[in-house]
*Asks:* 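Sharing a structure with you now.
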Amino acid sequence: MESIIQVEGLSKSYHGVNAVENLCISIRSGEVFGLLGANGAGKTTSIECILGVRKPDQGAISVMGMNPSSDRKKLFEKVGVQFQESSFQENIKVVELCEVTQALYKNPGNYDLLLRQFDLSDKKKAAVSELSGGQKQRLFVVLALLPNPEVVFLDELTTGLDSRARRNVWKCISDLKQKGLTILMTSHYMDEVQTLCDRICILKKGKTVFRGTIKEAVATSPFDQFEDAYLWLTDEEDSEDENI
Amino acid sequence: MKIFNTMLKAELKLSLRGIDMLIFAICMPVVILILLGIVYGNKPAFEGAEYSFFDQSFAAVATIAICGGGVMGLPLVISDYRQKKILKRFRVTPVSPAMILCVQLVIYTLYALCSLLLLFAVAVIFFEFRMRGSWLQFFGIYFLVLFSMFSIGLMTGGIAKNTKSAGIIASILYFPMLIFSGSTLPYEVKPVSLQKIAGVMPLTHGIKLLKASSLGLPLTNISLSLIVMIVIGVICTTIAIKFFKWE
């Protein structure tokens, strides 16, 4: 299958400190790809470079065959993005934020439907600032899905959600996956990654320490559980250092 | 057009909910106009003048909303949207920065026009004001003043690091201009030295021309004033567009 997101040799440093080093990923159409790693491992920097919001020091990036910075207007008709921090105008209401976002796209989805799917219908008239953390999070997933996208970027999509809300979001994402949506997501929850992701890439201090399927990750490690394997993979170098 | 209309509607609502522009662009000019009317009454502008001091002041007060919206409101809203990462979110959508700026420009133009309309109504109803010159000429100059003041605001909002520095720069530009250029305190009652300082401000030039056109007087030294406003407008707009930062 063709590759929808192609990243080759992406590097980015801040003030001489490498945030991402030589990242290579290739995400196929219809795939859910998880970018994992501890806080500060470089997940968000990677996503922002792929989106063209940050300028990489090195590397070639293409999303749906386009350059995210120079083909911005065309590309983002078909790409939905949920950033880690939600940002919105002061005093704006849920319905207004949805209306404005919907107006930005040529062939948008229906926000009423999405709000219902994400259990936010009764909050339409509420100010966004008055929503709980989980409700805000769900609203911004709704906004990311509003363009009727072919590719979605979800940065920590269920952080701050309770168990039930997380399950609901998973269900929605799985449904979208069935419909052929390509998803690049980051997450700190290994159960979520196991449920949703076809393939993963694990970052540690900007370096890629693993790339492959969850099964392969478990097989690489001496453990049977993915979470243990993940911890082992992200911890390996340090324990080696300690042994020396 | 759909994008523009939807954004304009939403942003206008947000701006009205913020109420500060209602105070600074709509209420404040009316209060100042009424005060001038009460203090100076029907006194002639100078001995033997055919028009009153109040008539002479009308055009100046009409620029308060332009100054407040352009130099204060505009840079603050742009830098606020940048700092809150709202622009960053817009960046991963197909909308162009020009559209975002355009919506805000229209909002502050609407404030300015509302203020003008309200001031005109108050002046005509309560203080026997009448337009002696041509409305066409008045509006021509009015929109030039708008262009040059808004370009200053666009530039400030465009290049300021954060909301705090935008606020400081805006205040440094706004208050001296408001006080010295004659939009609040009449230019004519100021000492000559202050008038000279005010001469470098684009708003002073704008007010001079607006006054002359509202009073039906011949426009003198028009080229200098026009050049000052056009040059400032072009330079600041160019800088604002060239150095626009999403983040």
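Keep in mind that this is a model prediction, so the values were computed, not measured. We name chains A, B, ... by the order of the sequence lines, and we start the count at 1 in each one.
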*Asks:* Mind running side chain to side chain contact (heavy atoms under 4.5 Å, CB included) on A:Asn91 and B:Lys13 for me, showing each step along the way?
*Replies:* CA-CA 9 Å; A:Asn91 298 326; B:Lys13 270 194 225 163; over 6 Å; no
*Asks:* Quick one: are A:Tyr105 and B:Thr93 in side-chain contact, heavy atoms under 4.5 Å?
*Replies:* yes
*Asks:* Is it the case that over 12 heavy atoms from other parts of the model lie below 6.0 angstrom from the CZ atom of B:Phe147?
*Replies:*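 Result for CZ/B:Phe147: enclosed.
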*Asks:* Look at A:Lys106, A:Lys93, A:Lys74, A:Gln102 and state which one has the largest set of heavy-atom pairs under 4.5 Å with chain B.
*Replies:*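 Among A:Lys106, A:Lys93, A:Lys74, A:Gln102, the one with the most close pairs to chain B is A:Lys93.
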*Asks:* Compare all side-chain heavy atoms of A:Val79 with those of B:Val92 and state whether any distance is below 4.5 angstrom.
*Replies:*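 No, side chains not in contact.
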*Asks:* Using side chain to side chain contact (heavy atoms under 4.5 Å, CB included), reason through B:Lys88 and A:Glu85 one step at a time and then give a plain yes or no.
*Replies:* CA-CA 11 Å; B:Lys88 181 180 169 186; A:Glu85 74 262 276; 3.8 Å; yes
*Asks:* Heavy-atom pairs under 4.5 Å with chain B are the metric here; pick the option from A:Leu51, A:Leu143, A:Leu75, A:Val100 that has the most.
*Replies:*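 Sorted descending by pairs with chain B, the first entry is A:Val100.
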*Asks:* Among B:Lys85, B:Arg17, B:Lys84, which has the most heavy-atom pairs under 4.5 Å with chain A?
*Replies:* B:Arg17
*Asks:* Should we count NZ of B:Lys245 as having more than 12 external heavy atoms under 6.0 Å?
*Replies:* yes
*Asks:* Where on A:Phe140 is there a heavy atom nearer than 4.5 Å to chain B: the side chain, the backbone, both, or neither?
*Replies:* side chain
*Asks:* Do B:Arg89 and A:Thr101 come close enough that some side-chain heavy atom pair is under 4.5 Å?
*Replies:*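 B:Arg89 reaches A:Thr101 side chain to side chain.
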*Asks:* Does atom NZ of A:Lys125 have more than 12 heavy-atom neighbours, drawn from other residues, nucleotides or ligands, at distances under 6.0 Å?
*Replies:* no
*Asks:* Among A:Glu77, A:Gln89, A:Glu96, which residue forms the greatest number of heavy-atom pairs with chain B at distances under 4.5 Å?
*Replies:*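 That would be A:Gln89.
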*Asks:* Around atom CD1 of B:Ile38, are there more than 12 heavy atoms of other residues, nucleotides or ligands at under 6.0 Å?
*Replies:*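 Count over threshold, so yes.
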*Asks:* Do B:Leu14 and A:Glu90 have side chains that get closer than 4.5 Å, going by heavy atoms?
*Replies:*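 Result no, sub-4.5 Å side-chain heavy-atom pair not found.
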*Asks:* Tell me the closest heavy-atom pair linking B:Phe90 and A:Arg72, and the distance in Å.
*Replies:* O-NH2, 3.5 Å
*Asks:* So does B:Lys9 have more than 12 non-hydrogen atoms from other groups sitting under 6.0 Å from NZ?
*Replies:*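 For B:Lys9, atom NZ is not crowded (no more than 12 foreign heavy atoms under 6.0 Å).
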